[in-house]
Amino acid sequence: MATENHSRDIHARIFHKLLEVVPDLFAIEEHGSSVIEGYMDLDLDVLGRASSRIVIALSHYYRHPSGDMIPDPDMVIAVYPGQEQAEALSYQDLYSYREVYSHDMGRVDWKAKRSLNEFLNSWLRNLIAQGHYIGQSIRGDR
(Lines give C-alpha, C1' and ligand atoms only; values in the text may rest on other atoms or scores of the structure.)
Protein backbone atom coordinates (compact mmCIF):
# COMPACT_ATOMS: atom_id res chain seq x y z
CA MET A 1 0.00 0.00 0.00
CA ALA A 2 2.85 2.42 0.77
CA THR A 3 4.31 1.86 -2.71
CA GLU A 4 0.90 2.51 -4.27
CA ASN A 5 0.55 5.77 -2.31
CA HIS A 6 4.09 6.80 -3.30
CA SER A 7 3.21 6.20 -6.97
CA ARG A 8 0.02 8.23 -6.66
CA ASP A 9 1.88 11.04 -4.87
CA ILE A 10 4.70 11.27 -7.41
CA HIS A 11 2.21 11.11 -10.30
CA ALA A 12 0.30 14.05 -8.79
CA ARG A 13 3.54 16.02 -8.24
CA ILE A 14 4.57 15.35 -11.85
CA PHE A 15 1.14 16.48 -13.10
CA HIS A 16 1.28 19.80 -11.23
CA LYS A 17 4.91 20.52 -12.18
CA LEU A 18 4.12 19.69 -15.80
CA LEU A 19 1.29 22.25 -15.73
CA GLU A 20 3.74 24.86 -14.37
CA VAL A 21 5.93 24.28 -17.42
CA VAL A 22 3.03 23.78 -19.86
CA PRO A 23 -0.03 25.57 -18.44
CA ASP A 24 -1.78 25.42 -21.83
CA LEU A 25 -1.17 21.67 -22.21
CA PHE A 26 -4.82 20.90 -22.86
CA ALA A 27 -5.07 23.58 -25.58
CA ILE A 28 -1.82 22.87 -27.47
CA GLU A 29 -2.74 20.86 -30.53
CA GLU A 30 0.56 19.55 -31.87
CA HIS A 31 3.76 21.26 -30.78
CA GLY A 32 5.18 23.84 -28.42
CA SER A 33 8.63 24.97 -27.36
CA SER A 34 10.48 27.09 -24.86
CA VAL A 35 13.70 28.95 -25.57
CA ILE A 36 15.63 30.28 -22.58
CA GLU A 37 19.02 31.83 -23.22
CA GLY A 38 21.79 29.80 -21.63
CA TYR A 39 19.77 26.57 -21.52
CA MET A 40 18.87 23.87 -24.01
CA ASP A 41 15.58 24.50 -25.84
CA LEU A 42 12.63 22.46 -24.61
CA ASP A 43 10.24 20.90 -27.11
CA LEU A 44 6.80 19.40 -26.59
CA ASP A 45 4.95 17.22 -29.07
CA VAL A 46 1.40 15.97 -28.54
CA LEU A 47 1.46 12.32 -29.62
CA GLY A 48 -2.14 11.41 -28.90
CA ARG A 49 -5.36 12.47 -27.20
CA ALA A 50 -8.22 10.46 -25.79
CA SER A 51 -10.99 11.45 -23.41
CA SER A 52 -9.06 10.26 -20.35
CA ARG A 53 -5.42 10.59 -21.42
CA ILE A 54 -3.02 12.80 -23.35
CA VAL A 55 0.34 11.42 -24.45
CA ILE A 56 3.15 13.89 -25.01
CA ALA A 57 6.87 13.86 -25.70
CA LEU A 58 9.04 16.35 -23.82
CA SER A 59 12.59 16.76 -25.12
CA HIS A 60 15.83 18.66 -25.07
CA TYR A 61 17.91 18.36 -28.26
CA TYR A 62 21.55 19.13 -28.84
CA ARG A 63 23.56 19.25 -32.03
CA HIS A 64 25.96 16.32 -32.26
CA PRO A 65 29.34 17.02 -33.95
CA SER A 66 27.95 15.06 -36.94
CA GLY A 67 25.26 17.74 -37.29
CA ASP A 68 22.45 15.43 -36.16
CA MET A 69 20.02 16.67 -33.54
CA ILE A 70 20.15 14.23 -30.61
CA PRO A 71 17.43 14.01 -27.95
CA ASP A 72 18.85 14.18 -24.45
CA PRO A 73 16.53 13.43 -22.83
CA ASP A 74 13.37 12.60 -24.74
CA MET A 75 10.54 11.37 -22.54
CA VAL A 76 7.09 10.14 -23.46
CA ILE A 77 4.62 11.07 -20.74
CA ALA A 78 0.98 10.09 -20.16
CA VAL A 79 -1.20 12.80 -18.62
CA TYR A 80 -4.51 11.88 -16.96
CA PRO A 81 -6.38 15.21 -16.57
CA GLY A 82 -9.39 13.79 -14.71
CA GLN A 83 -7.13 12.20 -12.10
CA GLU A 84 -4.64 15.09 -12.01
CA GLN A 85 -1.80 12.63 -12.53
CA ALA A 86 0.96 12.10 -15.07
CA GLU A 87 3.57 9.40 -15.49
CA ALA A 88 6.66 8.63 -17.52
CA LEU A 89 6.17 6.00 -20.21
CA SER A 90 9.64 6.00 -21.76
CA TYR A 91 13.03 7.69 -21.69
CA GLN A 92 15.76 7.92 -24.29
CA ASP A 93 19.03 9.71 -24.74
CA LEU A 94 22.13 9.14 -26.85
CA TYR A 95 23.06 6.03 -24.88
CA SER A 96 19.88 4.33 -23.72
CA TYR A 97 16.18 3.68 -24.14
CA ARG A 98 13.89 2.50 -21.34
CA GLU A 99 10.16 1.98 -21.24
CA VAL A 100 7.81 1.31 -18.35
CA TYR A 101 5.18 -0.79 -20.12
CA SER A 102 5.72 -3.53 -22.68
CA HIS A 103 4.20 -2.84 -26.08
CA ASP A 104 1.07 -4.83 -25.26
CA MET A 105 0.75 -2.97 -21.91
CA GLY A 106 0.66 -6.38 -20.26
CA ARG A 107 3.97 -6.13 -18.42
CA VAL A 108 5.27 -3.36 -16.18
CA ASP A 109 8.97 -2.77 -15.54
CA TRP A 110 8.56 -1.58 -11.94
CA LYS A 111 12.20 -0.53 -11.60
CA ALA A 112 11.94 1.63 -14.74
CA LYS A 113 8.59 3.02 -13.59
CA ARG A 114 10.05 4.22 -10.30
CA SER A 115 13.34 5.57 -11.65
CA LEU A 116 11.83 7.28 -14.72
CA ASN A 117 9.13 8.99 -12.67
CA GLU A 118 11.71 10.15 -10.12
CA PHE A 119 13.87 11.49 -12.97
CA LEU A 120 10.87 13.21 -14.59
CA ASN A 121 9.90 14.83 -11.29
CA SER A 122 13.47 16.18 -10.84
CA TRP A 123 13.74 17.25 -14.49
CA LEU A 124 10.48 19.21 -14.26
CA ARG A 125 11.71 20.89 -11.07
CA ASN A 126 14.88 21.95 -12.96
CA LEU A 127 12.86 23.18 -15.95
CA ILE A 128 10.74 25.34 -13.65
CA ALA A 129 13.88 26.74 -11.97
CA GLN A 130 15.35 27.55 -15.41
CA GLY A 131 12.19 29.45 -16.36
CA HIS A 132 10.98 27.11 -19.11
CA TYR A 133 7.40 27.77 -20.12
CA ILE A 134 5.44 26.38 -23.06
CA GLY A 135 2.22 28.22 -23.79
CA GLN A 136 0.00 28.78 -26.79
CA SER A 137 2.78 30.94 -28.19
CA ILE A 138 6.51 30.55 -27.65
CA ARG A 139 7.65 32.53 -24.65
CA GLY A 140 11.33 33.12 -24.06
CA ASP A 141 10.91 36.76 -23.19
CA ARG A 142 8.79 36.23 -20.09
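Reckoned from all heavy atoms, side chains included, excluding hydrogens, waters and symmetry mates. The residues of the chain are indexed from 1 along the displayed sequence.
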The side-chain contact (heavy atoms from CB on, under 4.5 Å) partners of Ser90 (sequence neighbours excluded) come to Val76, Tyr97, Glu99
Do you know the tightest heavy-atom contact between [X] and [Y]?
X	Y	answer
Gly135	Asp24	CA-OD2, 3.3 Å
Ser52	Pro81	O-CD, 3.7 Å
Gly131	Ile36	O-CD1, 3.4 Å

[atom2] on [Y] to [atom1] on [X], rounded to 0.5 Å:
X	Y	atom1	atom2	result
Asp109	Leu116	CG	CG	8.0 Å
His132	Leu44	NE2	CG	12.5 Å
Met75	Leu124	CE	CG	8.5 Å
Leu120	Arg125	CG	CZ	11.0 Å
Arg49	Glu30	CZ	CD	10.0 Å
Asp45	Ser59	CG	OG	6.5 Å

Using a 4.5 Å cut-off on heavy atoms from C-beta on, say whether the side chain of [Y] contacts that of [X].
X	Y	value
Ile134	Leu42	yes
Arg98	Ser115	yes
Lys17	Ile128	yes
Leu58	Asp43	no
Phe15	Gln83	no
Phe26	Val79	yes
Met40	Tyr61	no
Ile10	Glu118	yes

Check: Looking only at side chains, do His60 and Asp72 share a donor and an acceptor under 3.5 Å apart?
Finding: no
Under 3.5 Å, is there a donor-acceptor pair linking the side chains of Glu20 and Tyr133?
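On atom types as modelled, these side chains do not qualify, holding no pair under 3.5 Å.
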Problem - Passing candidate, side-chain contact (heavy atoms from CB on, under 4.5 Å) with Leu47, options Ile56, Ile54, Val55, Leu89 - result: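 Exactly one candidate clears the test, Val55.
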Please check: side-chain N/O of [X] versus main-chain N/O of [Y], any donor-acceptor pairing under 3.5 Å?
X	Y	answer
Asn117	Lys113	yes
Ser102	Arg107	yes
Ser96	Gln92	no

Is it true that Ile28 and Tyr80 fall in one hydrophobic cluster, defined by side-chain heavy atoms closer than 4.5 Å? no
- Query: Taking only residues two or more places apart in sequence or in another chain, which ones pass ring-ring contact (aromatic ring centres under 6.0 Å, His included) with Tyr91?
  - Reply: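 Tyr91 satisfies ring-ring contact (aromatic ring centres under 6.0 Å, His included) with Phe119 only.
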